[in-house]
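Contents: one structure, followed by commentary.
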Amino acid sequence: MQNKLCWQGAWLRGKGFTVNCPGGHEGCTANLPVHAPLSEYDMAKSIGTELALQNVLIKYATTDGDGRSAAGIEDSLKILHPMCSVERLADPSHLAATQFRHCYNAKFSDEMFPGKTRLDKGKVKKILSQDVKARCSLIMTTCTLFENHCGNTEEMRKCLPKVLESTIRCYDGDCSKSKCRSHSVVCPGGITNNWWNRSMYLASNKVDSLNMNENNKSILSEILKIRISEAALEKNKFQTNTQKCEAINRSLSVSLPKNVNYGRNAMGRLSSTILRSNGGIKNATEQKAKLLGAPLSPKTRYSLRQTTLYRITAIVNKQDIQMQAIAIHPPFALILV
Ligand SMILES: [Zn+2]
Ligand SMILES: [Zn+2]
């Protein structure tokens, strides 16, 4: 863990002693100078070094768009294994968020969206951005294109240009000419059963047409290419994502909130959370109490077990609801999930 805080050093400096952290005095808790940046690159480098020493080589690393973690891992592995290279894969959730932002900030012409005022048009633009994001997720990541070709990326690559073209035409309002049924993957075409009527964003907000000129179409095409293109497919070929990292991040922020500085016991709180995430509340509490020399009473153990059971039941029930939703409305529930 990278730590810049040292209460003891600060106290000594306040008393007039000249001490430098890290390492300038006994019991220093800091391991970084105060002005050093906290970098993902350095963190990935130290993880990479640990793995390289155990002869574990990494070929693919899935990261969010802004970090340089993959480069950090590669640089550390190259010290011991010069031929090793790490390929960075993209996380679909971050890519989807980027696509939404691009679409929402794109400079489409004013006459493209229905509505009388600028506010009305802005609302439709937001709806379109959400719809584009959901539609691309459905095509690329959720299941459809992968299922149709059993995950064969060569086959998928061949049909991507047709999917892109028919998607743009579908947004232009022409489902029959764009051959939605055979190429668009998610729009069955037709008059009552097309994407415009089935989409949870467009249909529920009663958006039924867009007045696109050539310029708007090319902007939309660039936005769709963020996810429907060979480059995007290559970055997402194993369908990997960083959801588990985000979940761990969320559970760590419960015991280590950003607005509180735990200069002395941050490492302890971190280890405690890791123990709880790995073993569950019951096992973690039991283990900690036992090591402290105060084993839990049978009554406390029973109530802890009940808490764990309740949590598991809640998760199972939630999954049941999602499964039922998929069974009733396939395209919409998949977007929701
Ligand atoms: Zn110190
Ligand atoms: Zn269509």
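Atoms within each ligand, like the ligands themselves, are counted from 1 in listed order.
Side-chain N or O atoms of Asp75 include none that pairs as donor or acceptor with a backbone N or O of Lys45 at under 3.5 Å. A side-chain donor-acceptor contact under 3.5 Å links Asn3 to the backbone of Thr29.
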- Task: Take Glu246 and Arg250 through the salt bridge (charged side-chain N to carboxylate O under 4.0 Å, His left out) test and state the conclusion after the steps.
- Result: CA-CA 6 Å; Glu246 302 291 339; Arg250 179 61 63 88; over 6 Å; no
- Step by step, work out the salt bridge (charged side-chain N to carboxylate O under 4.0 Å, His left out) result for Lys121 and Asp110. CA-CA 8 Å; Lys121 288 174 192 288; Asp110 267 354; over 6 Å; no
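With the Zn ion (ligand 2) as the vertex, SG of Cys180 and SG of Cys170 span 110° to the nearest 10°.
For the Zn ion (ligand 1), the tally of protein N/O/S atoms lying closer than 2.8 Å stands at 4.
Counting only residues at least two apart or on different chains, the side-chain hydrogen bond (donor to acceptor under 3.5 Å, both in side chains) pairs with a member in residues 274-287 are Lys282-Glu286.
If you check the side chains of Ser69 and Thr63, you find no donor sitting under 3.5 Å from an acceptor.
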